[in-house]
Amino acid sequence: MNPAFPPGFLWGCATSAHQIEGSPLADGAGPSIWQRFARTPGRIAGGDSGDVACDHYRRMHDDVALMKDLGLTAYRFSINWGRVLPEGRGPVNAAGLGFYERLVDALLAAGITPLATLYHWDLPQALDDRGGWLNPDIAHWFADYAAVMYRALDDRVPLWATINEPWVVADGGYMHGVLAPGHRCAHEAAVAAHRQLQAHAAAVRAYRAMGRHQIGLVVNIEPKHLAPGATGADRHAAALADAYMNRQYLDPTLLGRYPDELREVFGASWPDWPDAEVEALKTPVDWLGLNYYTRAVVQADPAGWPVKAVPVRQPGAIYTETGWELHPQSLADTLLWMHQRYGGLPLYVTENGAAFYDPPHTIEGRIDDPLRVHYLRTHLAAVQSAIAQGADVRGYCAWSLLDNLEWAHGFAKRFGLVHVDFQTLQRTPKASARWYAQLIARHGADLAEVAPPA
Ligand code: BGC
């Protein structure tokens, strides 16, 4: 047995509220920006929406039982702000809050550690109507909402995350308009980034005043690599892309400064934030969450926006259904980079997984997904290697527990370890779920030898 994963290492799966819950307006919940977005033609592939999704809101107890069967020791979920505060601020909706209290209680009863994310992209519509992530007041709105959740659940939730992937919120929601609220404006993207960092800082400060456990930030990092024969222009473009995607959030939060390259990335759209305001973004956290899916090999190209760089496909590489290259080595490298650059903080892999083509229905009761097993195995080996080299990695959450609403892709891209039939809503663990369950039972020992079940 190779004990390469430390004692207490958490073995989890991750989901997010809007992607699985369904029943978005049940029990007094207020709508989120995804309600309106989904009802705008052309925004979500196939006209899909989160109205039913995986129906987790009504099947929560069955889903927790499924997690227990798989032997998960952790579950990362997100809270839909508008269930708890239908207007985004003001009176608490006890019924909405009650759902998350029951979820946490069910997890604890099943021996599963809850890891709660406060914001995974479903902003209350009422707040978007007031400018959403562009309004300077959002830091207070978010901290007040966070305080409601700490008060209700901090006695039972040991790990909190403020915001999931602020880069995606700003880039998808305000720069390119492919995610809600669907704006397309570089200046707004820079403002939305800054307001999220202020909101994160305010929520962490609120936690310091009342919380007893640990709070962190979850970012997605995608290393920018160069192809052989890269020019100086390619190198420069890759550095800008890295600053924009990988350092725009962590540098201000942990080092108190924005990367210099952002002035060039945003050009005339860059807001000149006062120094004191940027320094105030620096707020110590207890841990960092890494969502890792892929790397990008980039080259300079004037067609890129806002960074004049585009990804280039690698001959011979495996690509997922979302067009992402399978590159586990970059997960190890990223964990070590975070460890070194940001002061050796405890790290969790809060998301890692792949959409591959899965059969749309079970065949003889089974769904075989050998590429996903390969993806998980090679990425967990990368985590193991980062730990062996000194990174303080304390847990791993596969994305995702269930096939779910993959945002603007609708239900077409399946990331689940558990298959969901979206007609019947029946859940069927895929071969990858059964493989992961075996690995968890051995606490990750002998990773290479755990064969996918026949
Ligand atoms: C997000 C998830 C999403 C996944 C796959 C991450 O960026 O946090 O919500 O489903 O990637 O695209």
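First listed ligand is number 1; within each ligand, the first listed atom is number 1. The structure presented is a predicted model; accordingly, all values stated were derived computationally and were not measured.
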Q: State if Asn164 counts as touching ligand 1 under the rule of any non-hydrogen atom under 4.0 Å.
A: yes
Q: Step through it carefully: locate the ring centre of Phe37, locate the ring centre of Trp121, and say whether they are under 6.0 Å apart.
A: no
**Q.** side-chain contact (heavy atoms from CB on, under 4.5 Å) partner of Leu10, the single match among Tyr348, Tyr75, Tyr396
**A.** Tyr348
Q: For ligand 1, note which part of Thr322 has a heavy atom under 4.0 Å away: side chain, backbone, both or neither.
A: neither
**Q.** Output field: ring centroids Trp11/Phe5 closer than 6.0 Å
**A.** yes
**Q.** Closest heavy-atom pair and its distance - Met60, Ala106
**A.** SD-CB, 4.2 Å
(Q) So if I count the atoms of ligand 1 from 1 in the order they appear, which ones are less than 4.0 Å from some heavy atom of Phe415? (A) 5 (C), 12 (O)
Q. What residue and heavy atom of the protein are closest to atom 1 (C) of ligand 1, and at what distance?
A. Glu351 OE1, 3.3 Å
Q) Between Leu107 and Pro114, what is the shortest heavy-atom contact and its length? A) CD1-CB, 3.9 Å
Q: Decide if atom CZ of Arg341 counts as having more than 12 heavy atoms of other residues, nucleotides or ligands within a radius under 6.0 Å.
A: yes
Q | N/O separation below 3.5 Å, Trp399 to ligand 1 | A | yes
Q.
Looking at Arg156, I'd like to know if its CZ atom is crowded, meaning that more than 12 non-hydrogen atoms belonging to other residues, nucleotides or ligands lie closer than 6.0 Å.
A. yes
**Q.** Residue-ligand contact His409/ligand 1, heavy atom below 4.0 Å
**A.** no
Q) Just which atoms of ligand 1 are under 4.0 Å from any heavy atom in His120? A) 1 (C), 2 (C), 8 (O), 9 (O)
Q | atom 5 (C) of ligand 1: the protein heavy-atom neighbour that sits closest, reported with distance to 0.1 Å | A | Glu406 OE2, 3.3 Å
Q: Pick one of side chain, backbone, both or neither for how Gln19 approaches ligand 1, counting any non-hydrogen atom pair under 4.0 Å.
A: side chain
**Q.** Nearest-contact summary for atom 7 (O) of ligand 1 - protein heavy atom, Å
**A.** Glu165 OE1, 2.5 Å
**Q.** Geometric N/O contact Asn404 with ligand 1, under 3.5 angstrom
**A.** no
Q.
Using heavy atoms and a 4.0 Å limit, tell me yes or no: is Trp324 in contact with ligand 1?
A. yes
Q | Atoms in ligand 1 flagged as close to Trp121, the criterion being non-hydrogen separation under 4.0 Å | A | 1 (C), 7 (O), 8 (O)
Q. With a 4.0 Å cut-off, would you call Lys430 and Asp403 a salt bridge?
A. yes
Q: Give the residue and atom name of whichever protein heavy atom lies nearest to atom 4 (C) of ligand 1, and the separation in Å to one decimal.
A: Tyr293 OH, 3.3 Å
Q | Residue pair Tyr249, Trp167: steps toward the ring pair (Phe, Tyr, Trp, His ring centres under 6.0 Å) verdict | A | CA-CA 7 Å; Tyr249 298 87; Trp167 179 80; 8.1 Å; no
